[in-house]
2 protein chains.
Amino acid sequence: MIPYVNSPQNNTKVYIEIVKQLRFMIQHDGLKPGDRLPSERELSERLGVGRSSVREALRALELLGLIETRRGEGTFIRDFRGNQLVQLLSTFILQDQKAIRDVKETKFLIELDCLWLIIQKAEKDQLLKFKNWALEADYTDDEFFLEVVTLADNHLFLRIWMILKDYYNSLELKKMIVSQTEYAELIDTLISKNESEVIRVYKNLRKLSKG
Amino acid sequence: MIPYVNSPQNNTKVYIEIVKQLRFMIQHDGLKPGDRLPSERELSERLGVGRSSVREALRALELLGLIETRRGEGTFIRDFRGNQLVQLLSTFILQDQKAIRDVKETKFLIELDCLWLIIQKAEKDQLLKFKNWALEADYTDDEFFLEVVTLADNHLFLRIWMILKDYYNSLELKKMIVSQTEYAELIDTLISKNESEVIRVYKNLRKLSKG
DNA sequence: TTTTTTATAGTGGTCAGACCAGTTTATTTT
DNA sequence: AAAATAAACTGGTCTGACCACTATAAAAAA
């Protein structure tokens, strides 16, 4: 086949071109999450490039979380609404030890953001169900706020919060004890859509007078 | 050398291990943007793995924008602000309308968070200097809010915002026109530490009645 | 001496081929 | 028809070979 990728006047790297070709291929063939891509050897042949270059492109996309590879089976398109990327960047970025305060601060504010989003978006019966659960079930603080962030219905916030949560826990700070009634009270303020009360109750729950 | 990477009980992919080793190396040696990494051949030898595996790792990091490679010169650490990958991810990910809404929503709330942090933390003379700049200098909306996020003095928010900003710009939405006086008004509310006014002015600046 | 030119060693970019370790499919045996 | 076996495929990795380009050291010219 004619090597799209390796034509003389093209001076961009081969693996970048392969990424572009893959993107085109996915769009053109309407491939969806779960679908299989052609094998490395077939791509190599079809695009007229070496297999190692194909692999460089695929590995890059894999690290980005866009595809998934299973030995012996093949390469598959992934459900990439979340971004692996933030995951990865964070591990690069969060080496910085002095960022502890930033992590706490960010986690708190994002939790507040999600509470605010819930007020804007959530249905009342969703919240009532949530409250029942909060009163009866057994859960950790993380599990409670996972529900909150999920209810906020913003995938980016969910991803960011997940990372922050993990990092926060790795700090091994002393845990606050929060009673079920406090959680329930927070949900009540959501139901009543009282923004300032949400902030007050949340801060109190986190034992914060100030941010 | 002992191959860290290829020990028997380790069944994760070699290139992933190399990424981890690189991260460790960067942290341990305190490498900063602009610094050079060891050559591919040297890494291959030092880690006891094939050069092609090293390249898979490096290409992935390059696509992520974390490193930069110059033929004949070497591989360098980059001042990563998500640039490269955003272009790519945006076309892969952001076809989805909900994802687009999430990006807008998240950027909006994080900007508000930063404004709130400024009220808590910033010194008055910092803000006055900021206002002078806002009235006299020439800047884009991104540049203005980069100042805001910087003033919030939270590295994590800075990083997240940078990524979001790039995502957001890659959406190619129509830009709002904001006058210098509007920006200055926002800074005034910061100086007066009036939280509800900050929210109102910011929303107005973004032409939002609701989130 | 200083400058310029020229060779050389080093670096990333790419390819081809080999082998291993799994999975799937086809074939054979029971 | 079911089970066991063989073959064909797929990704994972390594090695060695070139090429193109850059930086450095050596040699030649000024």
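Just so it is clear: chains get the letters A, B, ... in the order the sequence lines come, proteins before strands, and each one is counted from 1.
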What is the separation between atom [atom1] on [X] and atom [atom2] on [N], rounded to the nearest whole Å?
X       : N      : atom1 : atom2 : value
B:Arg51 : C:dG10 : CZ    : C1'   : 11 Å
B:Glu42 : C:dA9  : CD    : C1'   : 15 Å
A:Ile16 : C:dT14 : CD1   : C1'   : 15 Å
B:Arg55 : C:dT11 : CZ    : P     : 14 Å
A:Glu56 : C:dG12 : CD    : P     : 12 Å
B:Ile67 : C:dT11 : CD1   : P     : 15 Å
A:Leu63 : D:dG12 : CG    : P     : 13 Å
A:Ile18 : C:dC15 : CD1   : C1'   : 11 Å

Quick check for you: among [options], whose closest atom lies nearest to any side-chain atom of [X]?
X       : options                : result
A:Val49 : C:dG13, D:dG12, C:dC15 : C:dC15
B:Val14 : C:dG13, C:dC19, D:dT13 : D:dT13
B:Thr69 : C:dG13, D:dG11, C:dT14 : C:dG13

By ring pair (Phe, Tyr, Trp, His ring centres under 6.0 Å) - contacts of A:Phe76 (at least two apart):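 By the ring pair (Phe, Tyr, Trp, His ring centres under 6.0 Å) rule, A:Phe76 matches no residue at all.
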Applying ring pair (Phe, Tyr, Trp, His ring centres under 6.0 Å), name anything that partners B:Phe145, two or more places apart in sequence or on another chain.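 Counting only residues at least two positions away or on another chain, B:Phe145 forms a ring pair (Phe, Tyr, Trp, His ring centres under 6.0 Å) with B:Tyr202.
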Any base atoms under 4.0 Å from [X], or only sugar-phosphate, or nothing? Heavy atoms, all strands.
X       : value
B:Arg70 : sugar-phosphate
A:Ser52 : base
B:Thr75 : sugar-phosphate

Which heavy atom of A:Gln180 sits nearest a heavy atom of A:Ala137, and at what distance?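 Smallest interatomic distance, heavy atoms only, reads NE2-O, 2.8 Å.
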Say whether A:Asp142 and A:Tyr168, considering side chains only, have a donor N or O and an acceptor N or O under 3.5 Å apart. no
Taking only the side-chain nitrogens and oxygens of A:Ser53, find out if one of them lies under 4.0 Å from OP1 or OP2 of C:dC15.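 For C:dC15, OP1/OP2 do have a side-chain N/O of A:Ser53 under 4.0 Å.
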Under 4.0 Å between a side-chain N/O of A:Arg59 and OP1 or OP2 of D:dG11, yes or no?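 So the side chain of A:Arg59 is outside the cut-off, no N or O lying under 4.0 Å from OP1 or OP2 of D:dG11.
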Do side-chain atoms of B:Tyr139 reach the backbone of B:Ala134 as a donor and acceptor pair under 3.5 angstrom?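 At least one qualifying donor-acceptor pair exists.
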Between B:Val54 and B:Arg41, which residue's closest nucleotide on DNA chain D lies nearer the 5′ terminus?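 Here B:Val54 is the residue nearer the 5' end.
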Pair B:Arg206 + B:Asp141: basic N to acidic O under 4.0 Å: yes
A:Glu105/A:Lys107 salt bridge by N-O under 4.0 Å criterion: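 A salt bridge is absent here (no side-chain N lies under 4.0 Å from a carboxylate O).
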Could I get a table of every N or O pair under 3.5 Å where one atom is in the protein and the other is in nucleotides 21-24 of chain C?
unit_1: C:dA21; atom_1: O4'; unit_2: A:Arg71; atom_2: NH1; d: 3.2

